[in-house]
Amino acid sequence: MSQITVTLPDGSERSLQEGSTGIDLATEIGPGLARAALVIEENGEARDLAAPLHDGAKVRILTDRDQDSLEHIRHSTAHVLAQAVLQLFPGATFAGGPPIENGFYYDFELPGGASFSDEDLITIEARMREIIAADQPFERFELPIDEARELMVDHPYKRVFMDLAAAGDDSDNEVGTGSEISFYRNSDTFVDMCRGPHVPSTGRLGHFKLTRHGGAYFRGSEKNPMLQRIYAVAFANKKDLAAFLKQQEEAAKRDHRRLGVELDLFSFPEEIGSGLAVFHPKGGLIRKVMEDYSRAQHEAAGYEFVYSPHITKENLFKTSGHLEWYAEGMYPPMELDREGDQPGTAYYLKPMNCPFHILIYRSRQRSYRDLPLRLFEFGTVYRYEKSGVVHGLTRARGFAQDDAHIFTTPEMMEEEVSGLLDFVLDMLRDYGLDDFYLELSTRPEDKAIGTEEEWDRATEVLRSAASSKDLELVMDPGGGAFYAPKISVQARDAIGRTWQMSTIQVDLMLPQRFDLSYIGADGEKHRPVMIHRALFGSVERFFAVLLEHYAGAFPLWLAPTQAAILPVSTAHDSYARDIAARMRTSGYRVEVIEAAETLGNRIRRAKGEKLPYVLVVGDDDVANNTVGVNARGNDVERDVPLDDFLTRFAQELLERGS
RNA sequence: GCCCCCUUAGCUCAGUCGGCAGAGCGCUUCCAUGGUAAGGAAGAGGUCGUCAGUUCAAUUCUGACAGGGGGCUCCA
C-alpha cells in the first residue's frame, strides 16, 4: 500500500498509509493529542478528524486549546440543540443554526405556529446534556441532491438551503456548493444537513448554556415567515463559560437604563410616550458639561453656531428627498390651516437637521472665500422608530444630534475630511474613549439618490481619509444614508463592547437638490460639497455610552456632584459649610451632608452615588484646617491640609482624567 | 412592524388556586452627635398599568390598548 506525507505546523513531515485520517495522525503523534483533538485543518481548511488525509497536505490538529476550535464546538453544539428540539417537539422542523460570536443559535418552526417558553429552554438544555452524555459520534455522509431532498422531505427550510446552494448561492453557509449534499448523523434518529466539520462526538461538548429565545425571520427578511430562534453560548471549557457569564452580569450592572434610575439621571415617563426621555437635574448637569465642552472645542475648531426649528413645512423634506426616501422614519405630518374641504399645509417634525443648515447657507450668495463654512447645532430630531427597536437612550424617538454641516469646495474636501477625523478622535479621547476602529458604509443598493459615479467619488474621499489614519477600517457595503456614504467611528468601551459613535458623510447630492452654489476665484458659479458630521452621534446615546463605560462613576469633570462634605457631628457643620462655600466660588459642585444620620450611613450613601470625593471633617480638621479625604477607589487619607486637597482637585479637573 | 415575555408602594420584589394586599430599601417625624460602606423607634405611602368583558364578587380569568424587557428587521 502506498504512503502519503503530510507536513505539521512545525515544518516536520509524517508519512502515513494512504487512507489514513486525522485521528490516525493524532494517534501516531501521541495518545494525549488523539484524546484532545477536535478537528483538523488541511491546507487551512477545517475538516473532520475522520476524513482521509491528502498527500502533501499541510495539516494542523485543533484541540480545545485552540481558539479556532471554538466555532466547531459551537456548531456541533448547535446540532445537539436541534436534535433535542426535534425529539421534544414532534412535528417541529428546523432551518439554520450557525456558530456566532460567543455561541450559536438555531432556528425552528414548531407545529401550529407555537413558540418556545422560558421553561422549554430548561427542558431542552436537560435533553441536550443527555445527548452529550450519550457521546454520540458525528458521522458524515453525502447524497446526490435528489436523495438529499428525499431525506429532508419533512424539512422545507432545509430544502430551500439546498436549492440556494444548487443555484450557487451559499450565503447562508449551510451546505457547500458541490454536486453532493453533505449530512451528519448523530444517532439512528437524528440527521442534519451540514457542510461540517464537526467534533468527533457529542461527548466532547458540554460547556454551554441556552440564553434566550425569540422570533427571527427566515433568512433575515421581513418577507419570510418568522421562525423561533434559540440562542446559546458555548465554550471549550468551564472556566471560559463562567468568565463569559460573569462578564454578562457586569454588563447588566452597567446598563444605562438601570443606572439612570439608580443615580436619578433621566427617565422615560409613560405619559410622554415611548422613546422620549426627560433628563433630571443630575443627568442634566452631566449633559450640560458634555455639551459645554463640545461647544468650546467646536468654537476653537472654526465652527459657527446656528439654531433651527423642530418642525417645517413638507416642501423642505420633499426637496431634500426625505419624504421620498425616509418617510417611514418620520412622525406623521400635522395639518395646519385647513379650511373646509381645502387641504391645509402639512408640517413635519424634523428627523435630520441638514435641510435647515442648507437654507442658512443659501440665505445669501456665497464666495469661495467663505468656505469651508462650518455650521454647528445641537439639533433635536424626532424619528418614528419601530416600536420593537426603542431602547433606552441608545435608541430613542427624540434625541439631539451634535450636528454640523461643512460646506466646502471640492478641492478642499479631502483635507477637510481628514482634519475632521483627527478632530473627532481627539475629542472622543477627551471624553475617555480611546479604542477605535472605522467603518466605511457605501451606497445602499436600492435606496439612494444620485449616480453611482458620484457615489464612487464621495466614497473614495472617505476611504482615503480613513485609511490615512492608523486605525482598522471595516467595510459596510450598502450601509450608507440615502444621500451619502459615511465613515463611522466605532468605539470600544471599558468592558470591550463596541458602539457606533461619530459619523462623517460626504454629500454631493443635497447641494444639487437645493441648487447650492458659490462664486469661485474665476467669477463663475460652482457647486459646493457638503460634509455632514455628528460626533456624539446623538447626545443621548453618547451619554448612555459614557454612563455604561464609566459604570456610573463619572470622572471628576463630568460628575454631577464632585464632592460631598460630611461633618462628623453638628459641631462641625459650619466648618463643612465654609469649605463648601469656598469650593463653590471656584465653580465646583459640592454638597454638605449634615449630621442627621450616622457618619457610616452617610458615607455609604455617598459611595452608592459613586461620588469622586467624600470629605469627612471633625474636631482635628476644624483645629488644623484639614480634611479627611475619601476618594473613589482609594484608601482614606486623614489630616490633608485643605489647600493641598484643593490644588489636587483643580489639577485633576484640568486633566479631565477618570 | 413581527415573535415571545413582563407591568403590585418612589425603587427591588413577595402574594392572592376569584372574596378590595405585604417585605426590604427609600421618604417623614422623634430619639441618638456618631472619624470612614446600614444606630433605634414611630409614621405616611398602593382604586395591584389603562379600558372593556365574564362573574354575586376581578389585582387575580379573557380581550384590546399603553409602557417595558428579550429577539428579528431597521438605525444616531
Side-chain angles (χ1 to χ4, degrees), chain A residues 105 107 109-110 113-121 211-231 255 257-258 261-262 264 267-276 326 328-329 351-352 381 383-403 441 447 479 481 486 488 499-503 532 534-542 544-545 566-573 594-608 614-621 627-630 635-639:
Chain A
Y105 66 79
D107 288 339
E109 189 173 69
L110 298 180
S115 49
F116 295 109
S117 68
D118 294 354
E119 292 71 38
D120 288 339
L121 292 195
T211 50
R212 314 177 211 285
H213 59 92
Y217 298 111
F218 179 55
R219 303 191 69 231
S221 168
E222 281 177 291
K223 296 180 191 104
N224 287 338
M226 179 156 282
L227 306 177
Q228 298 302 317
R229 176 171 296 178
I230 292 177
Y231 282 92
D255 191 309
R257 295 165 300 182
R258 170 180 170 151
V261 174
E262 281 174 10
D264 194 18
S267 60
F268 289 90
E270 194 180 324
E271 292 84 343
I272 299 177
S274 180
L276 299 167
Y326 199 77
E328 65 177 32
M352 295 189 196
V381 296
R383 299 186 184 175
Y384 190 73
E385 298 293 345
K386 290 179 183 177
S387 61
V389 308
V390 170
H391 182 92
L393 290 177
T394 59
R395 199 71 188 275
R397 282 181 168 167
F399 58 94
Q401 293 182 307
D402 60 329
D403 209 0
S441 303
K447 265 191 97 173
K486 71 177 178 198
S488 50
W499 301 89
Q500 177 173 326
M501 312 265 57
S502 321
T503 64
H532 307 239
L535 203 151
F536 294 155
S538 109
V539 178
E540 283 79 357
R541 174 181 288 182
F542 195 70
V545 170
L566 279 50
V568 171
S569 80
T570 347
H572 318 110
D573 280 356
E594 293 182 352
E597 304 159 80
T598 58
L599 184 61
N601 204 21
R602 285 179 286 151
I603 287 170
R604 182 175 165 273
R605 289 201 298 130
K607 288 288 177 185
V614 176
L615 304 180
V616 175
V617 293
D619 288 336
D620 299 348
D621 300 295
V627 289
V629 179
N630 187 337
D635 292 335
V636 171
E637 301 166 70
R638 287 285 302 270
D639 308 316

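Quick note on labels: first sequence line is chain A, next is B, and so on, each numbered from 1. Side chains are part of it too, since the values below use all heavy atoms of this structure and drop only hydrogens, waters and symmetry mates. Source: prediction; values computed, not measured.
Following rounding to the nearest Å, Leu566(A) (CG) and rG34(B) (C1') show an atom-to-atom distance of 12 Å. Atom-to-atom, CG of Asp264(A) to P of rC27(B) comes out at 12 Å; the value is rounded to the nearest Å. Across the protein-nucleic acid pair, Leu227(A) atom CG and rU73(B) atom P stand 12 Å apart, rounded to whole Å. Regarding Tyr105(A), its OH atom lies at a distance of 16 Å from the C1' atom of rG70(B), rounded to whole Å. Between the P atom of rC5(B) and the CG atom of Leu121(A) lies a distance of 12 Å, rounded to the nearest Å. What separates CG of Asn224(A) from P of rG71(B) is a distance of 21 Å, to the nearest Å. One can place CZ of Arg212(A) at 16 Å from C1' of rC6(B), the figure rounded to the nearest angstrom. Rounded to an integer number of Å, the gap from Tyr231(A) OH to rC4(B) P is 16 Å.
Look at Glu328(A) and Lys386(A) and you find no salt bridge, because none of the NZ, NE, NH1 or NH2 atoms lies under 4.0 Å from a carboxylate O.
Between rG34(B), rC4(B), rC72(B), one nucleotide has an atom nearer to the side chain of Met226(A) than all others, and that is rC72(B). Closest to the side chain of Tyr217(A), out of rC2(B), rG69(B), rC4(B), is rC2(B).
The nucleotide rG39(B) finds its pairing partner in rC31(B), both defining distances of the Watson-Crick or G-U wobble pair being shorter than 3.5 Å. Base-pair partner of rU7(B): rA66(B) (Watson-Crick or G-U wobble, both distances under 3.5 Å). In a base pair of the Watson-Crick type (N1 to N3 plus N6-O4 or O6-N4) or a G-U wobble (N1-O2 and O6-N3), with each distance short of 3.5 Å, rA44(B) is matched with no nucleotide. Across all strands shown, rG1(B) is found opposite rC72(B) as a Watson-Crick or G-U wobble partner, with both distances under 3.5 Å. Under the Watson-Crick or G-U wobble criterion, with both distances below 3.5 Å, rC61(B) is paired with rG53(B). For rC13(B), the paired base is rG22(B) (Watson-Crick or G-U wobble, both distances below 3.5 Å).
The salt bridge (charged side-chain N to carboxylate O under 4.0 Å, His left out) check on Arg638(A) picks up Asp620(A), with sequence neighbours excluded. In this view, Arg602(A) satisfies the salt bridge (charged side-chain N to carboxylate O under 4.0 Å, His left out) rule with no residue, not counting sequence neighbours. Shown here are the side chain to side chain contact (heavy atoms under 4.5 Å, CB included) partners of Thr211(A), two or more places apart in sequence or in another chain: Tyr231(A), Val233(A). For Arg257(A), the salt bridge (charged side-chain N to carboxylate O under 4.0 Å, His left out) partners at least two apart in sequence or on another chain are Asp255(A). Judged as a salt bridge (charged side-chain N to carboxylate O under 4.0 Å, His left out), and not counting sequence neighbours, Asp120(A) has no contacts. In terms of the ring-ring contact (aromatic ring centres under 6.0 Å, His included) criterion, Tyr217(A) has no residue partners (sequence neighbours excluded). Ser538(A) is linked by a side chain to side chain contact (heavy atoms under 4.5 Å, CB included) to Phe399(A), Glu540(A), Arg541(A), counting only residues two or more places apart in sequence or in another chain. Taking the side chain to side chain donor-acceptor pair (under 3.5 Å) definition, one finds that Ser488(A) meets it with Gln490(A), sequence neighbours left out. Remark: Asp118(A) engages His213(A) in a side chain to side chain contact (heavy atoms under 4.5 Å, CB included) (not counting sequence neighbours).
Using P as the reference atom, rC20(B) and rA57(B) are 15 Å apart when rounded to the nearest Å. A gap of 36 Å separates the C1' atoms of rU7(B) and rG40(B), to the nearest Å. A gap of 41 Å separates the C1' atoms of rU16(B) and rU73(B), to the nearest Å. Of the C1' atoms belonging to rG19(B) and rA58(B), the separation is 10 Å, rounded to the nearest Å. Taking atom C1' on both nucleotides, rG15(B) is separated from rU59(B) by 11 Å, rounded to a whole Å. Distance check on atom C1': rA9(B) versus rG35(B) gives 36 Å, rounded to whole Å. Going from the C1' atom of rG49(B) to that of rC56(B) covers 27 Å, rounded to whole Å. Across rC75(B) and rA38(B), the matching P atoms stand 50 Å from one another, rounded to whole Å.
If you check every strand for non-hydrogen atoms under 4.0 Å, Phe268(A) touches nothing. Contacts of Ser274(A) with the nucleic acid, taken as non-hydrogen atoms under 4.0 Å apart, involve only primed sugar atoms and P, OP1 or OP2. Within 4.0 Å of Ala534(A), counting heavy atoms only, lies no atom of the nucleic acid at all. Note on Asp620(A): a base of the nucleic acid sits closer than 4.0 angstrom, heavy atoms only. If you check every strand for non-hydrogen atoms under 4.0 Å, Gly398(A) touches nothing.
Contact annotation: the side chain of Glu385(A) approaches that of Val390(A) to within less than 4.5 Å [non-hydrogen atoms, C-beta and beyond]. Residues Gln401(A) and Val381(A) have side chains in contact (heavy-atom distance under 4.5 Å, counting atoms from C-beta outward).
Heavy-atom distances to RNA chain B give each of Gly392(A) and Ser221(A) a nearest nucleotide, and the one nearer the 5′ end belongs to Gly392(A). Toward the 5' end of RNA chain B, the nearer of the two residues Phe116(A) and Ser387(A), judged by each one's closest nucleotide, is Ser387(A).
The side chain of Arg229(A) places no N or O atom within less than 4.0 Å of a non-bridging phosphate oxygen (OP1 or OP2) of rU73(B).
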Sugar-phosphate atoms are those with a prime plus P, OP1 and OP2; base atoms are the rest. Using that split, label each nucleotide of nucleotides 36-49 of chain B B, S or - for protein heavy atoms under 4.0 Å, 5' to 3'. BBBB----------
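Taken from OG in Ser115(A) to CG in Leu227(A), the straight-line distance is 12.0 Å, to the nearest 0.5 Å. For the atom pair NE2 (His572(A)) and CG (Asp619(A)), the distance works out to 3.5 Å, reported to the nearest 0.5 Å.
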Polar atoms only, N or O, under 3.5 Å: list the protein pairs with nucleotides 74-76 of chain B and their distances.
from    : atom 1 : to        : atom 2 : distance (Å)
rC74(B) : O2     : Arg395(A) : NH1    : 3.1
rC74(B) : O2     : Arg395(A) : NH2    : 2.4
rC74(B) : N3     : Arg395(A) : NH1    : 3.0
rC75(B) : O4'    : Arg395(A) : NH2    : 3.4
rC75(B) : O2     : Arg395(A) : NE     : 3.3
rC75(B) : O2     : Arg395(A) : NH1    : 3.3
rA76(B) : OP2    : Lys486(A) : NZ     : 2.7
rA76(B) : O3'    : Gln500(A) : NE2    : 2.6
rA76(B) : O3'    : Arg541(A) : NH1    : 3.2
rA76(B) : O2'    : Arg541(A) : NH1    : 3.0
rA76(B) : N6     : Glu385(A) : OE2    : 2.7
rA76(B) : N6     : Ala396(A) : O      : 2.8
rA76(B) : N1     : Ala396(A) : N      : 3.1
rA76(B) : N1     : Ala396(A) : O      : 3.2

For nucleotides 8-14 of chain B, print each protein N/O atom paired with a nucleotide N/O atom at under 3.5 Å, atom names and distance only.
none

